[in-house]
Structures are given as structure tokens and as C-alpha cells.
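Below: one structure, written as C-alpha cells.
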Amino acid sequence: MPATILSGKPIAEAIKTEVESEVTALEIEHGIRPCLTVVRVGSDPASEVYVTSKVRTAAELGIISQHHHLPAETSHEDLLRLVNELNADNNIDGILVQLPLPKHINEREIIEAIDPTKDVDGFHPVNVGKLSLGYPSLIPCTPAGVIEILKRTGIEIAGKHAVIVGRSNIVGKPMAAILLQENATVTICHSRTADLPSITRQADILVAAIGRAGFVCGEHIRDGATVVDVGINRVSDIEAVSRFFNGDELAKRLQAVETRGSTLVGDVNPKDAMAKAAYFTPVPGGVGLLTVAMLMKNTVKAAKTRRIEWPQKGSKSAK
Ligand code: GUN
């Protein structure tokens with residue numbers, strides 16, 4: 001039997017509806033409107049698409065959204081200054097600096113400069129540390145979205161062997177921490193892992209986040225596994241596309257290459273995953289849609305923590 005497709009759309013829509021209700025309640029009950037500020041430096045085309053989607057979705061849900069678009073030549077010091085201004089502005093609940101930043105900017109210093117209470121990406125070391133300790137925190141949006149897909153589909157996590165391919169700070173490492181928190185047995189694999197297929201074939205839940213189109217294929221997947229594809233890669237090579245798809249989907253993808261020059265492929269070979277997995281998240285239309293929804297959820301969480309919970313605990317300021 002082919003795998004059941006885990007579409008991200010209905011789950012992302014459900015989360016956005018919940019967030020919208022929370023935003024309405026915050027305004028009625030507390031007179032608060034959460035505010036998200038997104039900073040983009042330079043003109044990376046993928047970043048432009050992501051940032052536009054983040055800002056537009058926030059506005060749709062009643063969250064105030066601001067977008068600072070700075071030129072690629074912006075200095076490290078100027079960006080740092082802007083982050084500090086945003087930190088000091090009490091009306092701003094969430095700050096997101098879109099990555100990657102231009103090479104001359106020290107990404108790590110910028111992330112570390114963001115007030116952890118406003119770090120809706122969950123990338124600040126304080127939030128990373130809290131997550132690894134299992135304390136409440138702002139959690140990175142993409143791995144948080146993966147968990148929502150699994151939970152809302154009724155896929156059991158506790159006691160299962162989850163294998164993550166990829167150890168990035170944005171996905172692989174936080175994914176491992178969250179799955180551990182959910183009582184999975186967790187293995188992280190990476191480019192130096194010996195005999196990768198023998199490990200990934202042990203996975204009940206296999207998460208691919210390595211940034212290589214169609215890398216995870218039949219030999220990596222156990223029959224009946226849940227395969228979660230976090231990758232987003234542009235593929236323009238027709239021969240590669242033919243290895244990843246068949247039937248109507250292949251025709252559609254080849255058409256996309258012809259008209260748009262490329263098609264989006266995840267880190268998993270979808271043809272193989274459909275043949276072997278029990279559940280599979282498609283690309284596009286899977287995990288990617290959850291990332292923005294979870295960012296909205298984090299923004300509301302940050303607003304509630306800063307403006308309602310902390311003042312009630314006797315803190316004089318939101319910081
Ligand atoms: N670039 C790619 N994904 C992300 C993300 O989740 N957050 C930020 N800030 N930049 C990204």
C-alpha cells in the first residue's frame with residue numbers, strides 16, 4: 001500500500017485559526033495586540049519569499065507585523081543597533097532576523113543580541129538551553145511544526161525510535177531535543193555517520209533535514225516508517241526529477257522545470273518513500289507550511305509571557 005500523505009495544509013490552517021482566536025481574546029480581555037518584527041538583510045530570493053509569507057500571515061491573524069528590509073551592505077554594527085532598538089521597544093513581542101545573513105555579518109552575535117523573551121525563532125542560546133533542559137521556552141518553528149503534524153495525526157512518539165538525519169542548529173538539534181522531551185528514543189545522524197542506511201532503517205520516525213535533494217531513498221527507509229521531509233531544494237536537472245517522481249506527478253514536475261526552470265524537492269526521494277513508508281510528508285505542502293504557523297504561535301506566546309504572565313509575577317518590566 002502506498003504511504004498516507006501527511007498534508008501540512010489542514011494542520012497549519014487549524015493552528016492559524018487557534019492563533020487568530022487567541023489574538024482576538026488577547027485584545028478583548030487585555031487590550032493587547034501582539035507585534036512581530038521581521039528583519040531581512042540583502043536580497044536573497046528565498047528569504048524574500050519566506051519573509052513575505054511571515055509578514056502577510058501575521059497580518060491575516062491580527063498580529064501587528066513590521067518588516068525592516070536593509071541593504072546587503074548594512075554593517076554588522078548597524079544591524080546590531082537595530083536589534084537593540086527592537087529589544088528596547090516594549091510594543092514589540094517577537095523579533096526574527098531572517099537567515100542567512102550576508103557573510104560580513106556575524107550571525108551568531110546577532111542571534112545572541114536578540115532579547116531571549118522576544119526570540120520567536122528559538123535560536124538564542126538561552127532558549128536552546130531551556131529546550132535541552134525541558135523547561136518552557138520559545139521553540140524553533142520547523143521542528144515544533146513537525147511535532148504538531150505527528151501529534152495531530154495521532155502518530156505515537158513515546159517509546160518510538162526517532163532517527164534524525166542532519167544536525168543543524170535550526171532543525172536537527174532542536175528536533176532531537178523535542179523528540180526526546182516527547183519520550184522518543186532519539187538518534188542523530190550526519191555526514192560523518194558510518195553505514196547510515198543501517199541506522200535509518202531502525203527508525204519508526206525518520207526525519208530528513210540535510211539539505212540534499214532526494215538523498216534519503218529506499219535503502220534508508222524501513223517498511224511502515226513515518227518519514228518526515230524537512231528539506232526544500234530547487235531541482236532543475238530533468239534526469240534527477242525522473243528519479244524522484246513517476247506517473248502524473250512526474251509529468252507535473254517536468255512541466256514545472258520547463259516553465260519555471262526548477263521544481264521543489266525535499267531531502268527524501270518521494271517515489272521511494274511512497275513505496276515503503278506508512279506516512280510521508282510531501283514537499284511542497286508538508287512541513288514547510290507549519291513553520292510559519294508555529295512562528296505565529298510563538299509570537300502570541302511571547303506576547304502573553306512578556307505582557308501578562310511576567311507582570312503578574314511581580315516583574316516591573318517585561319524584560
Ligand atoms: N532561514 C531559513 N529558515 C529560517 C528560520 O526558521 N528562521 C530564520 N530566522 N531564518 C531562516
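First listed ligand is number 1; within each ligand, the first listed atom is number 1.
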Query raised in the report: Which is it for Leu99 and Ile170 under the side-chain contact (heavy atoms from CB on, under 4.5 Å) test, yes or no, and what are the steps along the way?
Result: CA-CA 10 Å; Leu99 306 177; Ile170 293 182; 4.2 Å; yes
[atom] [closest protein heavy-atom partner, distance rounded to 0.1 Å]:
{"atom": "atom 11 (C) of ligand 1", "value": "Gln98 NE2, 3.4 Å"}
{"atom": "atom 9 (N) of ligand 1", "value": "Asp121 OD2, 2.6 Å"}
{"atom": "atom 1 (N) of ligand 1", "value": "Leu99 O, 2.9 Å"}

Based purely on interatomic distance, does Thr291 place a nitrogen or oxygen under 3.5 Å from a nitrogen or oxygen of ligand 1?
no
Polar atom proximity, Ile170 to ligand 1 (N or O, under 3.5 Å): no
inquiry  = Under the criterion salt bridge (charged side-chain N to carboxylate O under 4.0 Å, His left out), I'd like the reasoning laid out for Glu22 against Lys304: C-alpha separation, chi angles, the key distance, then a yes or no.
reply    = CA-CA 10 Å; Glu22 278 191 89; Lys304 280 182 167 172; 2.4 Å; yes
**Message:** So for Tyr50, does at least one of its heavy atoms come nearer than 4.0 angstrom to any atom of ligand 1?
**Reply:**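 It does not; every heavy atom stays at 4.0 Å or beyond.
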Worksheet item: Taking the non-hydrogen atoms of Val97, is any one of them nearer than 4.0 angstrom to ligand 1?
Response: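 So Val97 counts as touching ligand 1.
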Classify the side-chain pair [X]/[Y] by whether it contains a donor and acceptor separated by less than 3.5 Å.
{"X": "Thr263", "Y": "Arg253", "answer": "yes"}
{"X": "Asn90", "Y": "Arg306", "answer": "yes"}
{"X": "Glu109", "Y": "His76", "answer": "yes"}
{"X": "Thr187", "Y": "His161", "answer": "yes"}

### Task
For Leu96, take its heavy atoms, then give the atoms of ligand 1 lying under 4.0 Å from any of them.
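Counting atoms of ligand 1 from 1, those under 4.0 Å from Leu96 are 9 (N).
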